[in-house]
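Report on one structure; see the data block that follows.
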Amino acid sequence: MSTTTINLIDSFQEFKDFKNIDRPTVISVLEEVFRSMLRKKYGTDENCDVIVNPDNGDLEIWRTRKVMEDGFSEDDDLEIELADVHKLDPTLEVGDDYIEQITLESFGRRAILAARQTLVSKVLELEKDEIFKKYKDRVGEIITGEVYQVWKKETLVLDDEGNELLMPKTEQIPADYFKKGDSVRAVISKVEMINANPKIIISRTAPEFLQRLFELEVPEIFDGLITVKKIVREPGERAKVAVESYDDRIDPVGACVGMKGSRIHGIVRELKNENIDVINFTNNLSLYITRALSPAKITSIKLDDETKHASVYLKPDQVSLAIGRGGHNIKLAGKLTGYEIDVYREAGEESDEDVDLEEFSDEIDSWIIDELKAIGCDTAKSVLALSVEDLVKRTDLEEETIKEVVQILQSEFE
């Protein structure tokens, strides 16, 4: 047996090991490769039988020709004359079928090498198709993979079969930090074919990722007793999840949070300490908006359904809670409810009410506010109660800066 033949048989052996391809496909691909070899050699393959056994890499090719009287053969590919056939098998008569086995060697070295090439490229093509099909149906599913390579703009992750998954930087939580060999969980967010190559994008910032984590941690969601109505996220910062239960005996928020936060704790850890507010969904809009703004407590609310605007009134010490760090709380509450929310301090109480320093974050730099908080001043009045000299002595701030701050705070109470 020549080495090229053995090579082809080897590709066979490899072929039957391919994990993603089913048997009928394997057989039809192999058969097609050999049939094209037969067509090249004999001009036709219609009188040939190709028998493939992918389990042990066996292959048989049989060729049948009709025995004709001498001088009457019109097509040497389909017929053979009596004189020729008697040299091979003297028992045959006119009208009989002459069946011979074709060996791989008879095709010649070049044909076999070409067939191997064809075989390998067909297999790769099939594999890619299979990966594409497999993942196309799994969009939205959670997957665990191993980090293989980390680049500036994306991370390459391998699934348990060694398929390549890409996680762009935009799909990573800002605090995510991966190195080769790390195990990573994400959701399959997009599958597309680019230049005949499947491209599978996975994400840790998609709302679906948080939803799948809830399904894993909260059996009642998995079983359909609790429905997740909507999820909005500011990845790594804050998320709001509206849940509803169709069974009055189940408290959806309690079930999602778990005893002492046991269920939600794992999710928060996975999302790099993203704050997760779970709220009860309701069709009562003002109640829904009130809940969406938690942890802030609202005094009253006015809705304008035409412009989808909500004006929310709160006590001064609740305003900064409603807005949240970096404005995340109010932004997410708006996304969750579909209303644009404006926050107002309750009128008529400013004179005797104190105001949280965070309220001034648009006028005073946050590091200055932090300095003042560090000495126990967290409201406007607590700062104004101290003299400028005192403030300079106790903080690391310049006198100039403190005078500016005092002026801003005083104007609030005028």
Side-chain angles (χ1 to χ4, degrees), residues 10-11 13-22 25-26 29 116-217 222 231-239 241 265-276:
D10 281 349
S11 351
Q13 295 286 6
E14 283 166 39
F15 208 86
K16 70 177 181 21
D17 295 334
F18 278 110
K19 49 198 175 292
N20 291 326
I21 306 171
D22 57 5
T25 316
V26 170
V29 167
R116 181 179 163 82
Q117 273 317 105
T118 314
L119 205 53
V120 171
S121 65
K122 280 231 158 83
V123 171
L124 282 173
E125 214 171 288
L126 275 171
E127 283 244 274
K128 286 173 180 175
D129 273 353
E130 283 301 319
I131 292 170
F132 177 73
K133 284 207 287 262
K134 174 180 157 186
Y135 274 99
K136 193 77 191 144
D137 300 337
R138 294 182 60 192
V139 169
E141 260 183 49
I142 211 163
I143 188 165
T144 304
E146 187 181 307
V147 175
Y148 185 69
Q149 222 166 347
V150 180
W151 297 298
K152 206 173 179 140
K153 291 200 167 149
E154 54 192 7
T155 297
L156 177 64
V157 177
L158 300 183
D159 71 2
D160 48 11
E161 290 177 348
N163 298 319
E164 298 188 348
L165 317 169
L166 278 178
M167 182 159 52
K169 201 79 181 140
T170 51
E171 302 300 322
Q172 297 174 29
I173 296 167
D176 276 341
Y177 171 73
F178 301 116
K179 50 190 191 305
K180 190 175 160 68
D182 283 352
S183 177
V184 58
R185 277 206 288 188
V187 73
I188 300 161
S189 76
K190 197 157 116 199
V191 180
E192 48 192 1
M193 268 294 196
I194 293 178
N195 306 331
N197 284 317
K199 186 175 182 188
I200 302 150
I201 304 286
I202 57 174
S203 169
R204 286 169 55 78
T205 58
E208 291 79 28
F209 183 50
L210 181 47
Q211 170 138 6
R212 294 295 161 285
L213 291 174
F214 266 109
E215 284 165 12
L216 290 174
E217 295 287 341
F222 188 78
I231 292 182
V232 289
R233 286 180 70 190
E234 202 67 47
E237 291 287 346
R238 194 173 206 126
V241 183
H265 188 67
I267 301 177
V268 169
R269 221 180 19 239
E270 175 74 58
L271 299 182
K272 304 282 185 260
N273 293 332
E274 196 168 300
N275 265 314
I276 303 173

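The figures that follow rest on heavy atoms only: side chains count, while hydrogens, waters and symmetry mates do not. Just so we're clear, the structure is a prediction, and the values are computed from it rather than from any experiment.
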Criterion salt bridge (charged side-chain N to carboxylate O under 4.0 Å, His left out) on E125 and K122, from CA distance to verdict: CA-CA 5 Å; E125 214 171 288; K122 280 231 158 83; over 6 Å; no
Would you please test L166 and L156 for side-chain contact (heavy atoms from CB on, under 4.5 Å) and show each step? CA-CA 5 Å; L166 278 178; L156 177 64; 4.0 Å; yes
Verdict with reasoning, E215 to R212, per salt bridge (charged side-chain N to carboxylate O under 4.0 Å, His left out): CA-CA 5 Å; E215 284 165 12; R212 294 295 161 285; 3.3 Å; yes
Dump the intermediate steps for side-chain contact (heavy atoms from CB on, under 4.5 Å) on M193 and D129, then the final yes or no. CA-CA 9 Å; M193 268 294 196; D129 273 353; 3.5 Å; yes
CA sep, side-chain torsions, deciding dist, call: T170, T205, side-chain contact (heavy atoms from CB on, under 4.5 Å): CA-CA 8 Å; T170 51; T205 58; over 6 Å; no
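The two residues I173 and G236 come nearest to each other via the heavy atoms CG2-CA, 3.5 Å. Counting all heavy atoms, side chain and backbone alike, F178 lies closest to V150 at O-CG2, 3.5 Å. Between L210 and A239, the shortest heavy-atom contact is CD2-CB, 3.6 Å. In this structure, P235 and P174 approach most closely via the heavy-atom pair O-CD, 3.5 Å.
Interatomic distance, K179 NZ to D182 CG, rounded to the nearest 0.5 Å: 4.5 Å. If you take CD1 on I267 and CG on L213, they are separated by 5.5 Å, rounding to the nearest 0.5 Å. Atoms CD1 and NZ, on I200 and K190 in that order, are 13.0 Å from each other to the nearest 0.5 Å. Atoms CD and NE2, from E270 and H265 in turn, are 12.0 Å apart once rounded to the nearest 0.5 Å. Rounding to the nearest 0.5 Å places CD1 of I143 at 7.0 Å from CG of D160. Remark: N197 CG to F132 CZ distance equals 12.0 Å, nearest 0.5 Å.
Sequence neighbours left out, not one pair with a member in residues 144-153 passes side-chain hydrogen bond (donor to acceptor under 3.5 Å, both in side chains). Applying the salt bridge (Lys or Arg N to Asp or Glu O under 4.0 Å) rule to pairs touching residues 162-174 yields nothing, sequence neighbours excluded.
Both cation-pi conditions hold for R138 and Y135: the charged atom is under 6.0 angstrom from the six-membered ring centre and inside a 45 degree cone around its axis.
By the 6.0 Å contact criterion, NZ on K128 is enclosed, its count of non-hydrogen atoms from other residues, nucleotides or ligands being greater than 12.
Of the possible polar contacts, one joining the Q172 side chain to the M167 backbone as a donor-acceptor pair under 3.5 Å is found. Side-chain N or O atoms of D159 include one that pairs as donor or acceptor with a backbone N or O of E161 at under 3.5 Å.
Taking the side chain as every heavy atom from C-beta outward, F209 and L271 approach each other to under 4.5 Å. The shortest side-chain heavy-atom distance between D176 and T155 does not fall under the 4.5 Å cut-off. At least one side-chain heavy atom of K272 sits less than 4.5 Å from a side-chain heavy atom of R204.
Here E274 pairs with R233 under the salt bridge (Lys or Arg N to Asp or Glu O under 4.0 Å) rule; sequence neighbours left out.
Checked options V187, I142, L165; the residue passing with I202 is L165 (criterion: side chain to side chain contact (heavy atoms under 4.5 Å, CB included)).
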